[in-house]
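Comments concern the structure below.
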Amino acid sequence: FKYGYDFTIQLQQDFFLQCLSGELTRRCESNPQYSLRAFAKACGISPGVLSQFLSGKRLPSYKLAQQLLAQLHLSPTDEDKFLASLAQKH
């Protein structure tokens with residue numbers, strides 16, 4: 001089964017969400033007491049703002065995206081994909 005063009009574009013646009021939720025999941029799996037609140041604190045943002053990002057209700061600014069990237073530890077290629085996915089949403 002081949003995915004259509006729209007599906008590929010959607011995956012690219014949601015890459016920043018995949019990165020954020022994936023990192024939160026990874027941290028929660030390695031420490032069962034880790035929480036969204038702890039992740040938000042590590043990122044330097046409020047838990048409410050992080051929750052809005054994860055639910056797709058709000059997008060981070062470029063400056064805030066750079067701040068989030070510092071916590072995500074992505075490869076340079078994935079950092080570019082992260083920023084490009086946000087640019088497509090804005």
Side-chain angles (χ1 to χ4, degrees):
F1 178 77
K2 275 190 163 180
Y3 293 112
Y5 178 74
D6 291 340
F7 183 76
T8 303
I9 296 236
Q10 188 63 40
L11 281 177
Q12 290 172 347
Q13 289 177 341
D14 292 340
F15 187 74
F16 79 97
L17 286 175
Q18 292 171 17
C19 292
L20 281 178
S21 62
E23 181 64 17
L24 176 59
T25 300
R26 186 188 68 73
R27 291 181 186 203
C28 288
E29 287 173 351
S30 67
N31 177 1
Q33 294 186 350
Y34 200 81
S35 65
L36 182 135
R37 185 175 297 192
F39 187 46
K41 185 176 182 179
C43 293
I45 58 176
S46 74
V49 169
L50 179 58
S51 179
Q52 288 177 334
F53 292 159
L54 292 171
S55 68
K57 293 180 181 177
R58 184 173 174 179
L59 294 173
S61 65
Y62 181 79
K63 182 179 177 182
L64 189 50
Q66 293 287 347
Q67 188 175 325
L68 293 171
L69 282 172
Q71 288 298 316
L72 296 177
H73 309 292
L74 300 175
S75 69
T77 301
D78 284 347
E79 284 185 5
D80 290 343
K81 284 172 59 177
F82 182 91
L83 294 173
S85 71
L86 282 173
Q88 288 176 347
K89 291 266 190 187
H90 277 286

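Given the structure is predicted, the values throughout are model-derived calculations rather than measurements. The basis for the numbers below is simple: all heavy atoms, side chains too, and nothing from hydrogens, waters or symmetry mates. For reference, positions follow the sequence shown, starting with 1.
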A42 meets the side-chain contact (heavy atoms from CB on, under 4.5 Å) criterion, sequence neighbours left out, with R27, Y34, Q71

What closest approach, in Å, do L54 and L20 show between heavy atoms, and which atom pair accounts for it?
CD2-CB, 3.7 Å

Say whether, by atom type as modelled, one donor and one acceptor occur between the side chain of S51 and the main chain of P47 under 3.5 angstrom.
no

For residues L72 and F39, report the shortest heavy-atom separation together with the two atoms involved.
CD2-CZ, 4.2 Å

Across all chains, not counting sequence neighbours, the side-chain contact (heavy atoms from CB on, under 4.5 Å) partners of S75 are T77, D78

What residues form a side chain to side chain donor-acceptor pair (under 3.5 Å) with R26, not counting sequence neighbours?
E23

If you round to the nearest 0.5 Å, how far is CG of L74 from CZ of F82?
7.0 Å

Which atom pairs, one a donor and one an acceptor, fall under 3.5 Å between side chains of residues 59-68 and the rest of the protein, sequence neighbours left out?
{"residue": "S61", "atom": "OG", "partner": "L64", "partner atom": "N", "Å": "3.2"}
{"residue": "Y62", "atom": "OH", "partner": "Q66", "partner atom": "NE2", "Å": "2.7"}
{"residue": "Q67", "atom": "NE2", "partner": "C43", "partner atom": "O", "Å": "2.7"}
{"residue": "Q67", "atom": "NE2", "partner": "G44", "partner atom": "O", "Å": "3.3"}

Nearest-0.5 Å distance that lies between atom CG in L83 and atom CD in Q88:
11.5 Å

Non-neighbouring partners of S35 that pass side-chain contact (heavy atoms from CB on, under 4.5 Å), sequence neighbours left out:
R37, A38

I'd like to check the salt bridge (Lys or Arg N to Asp or Glu O under 4.0 Å) partners of R58; sequence neighbours left out, ordered by chain and number.
none

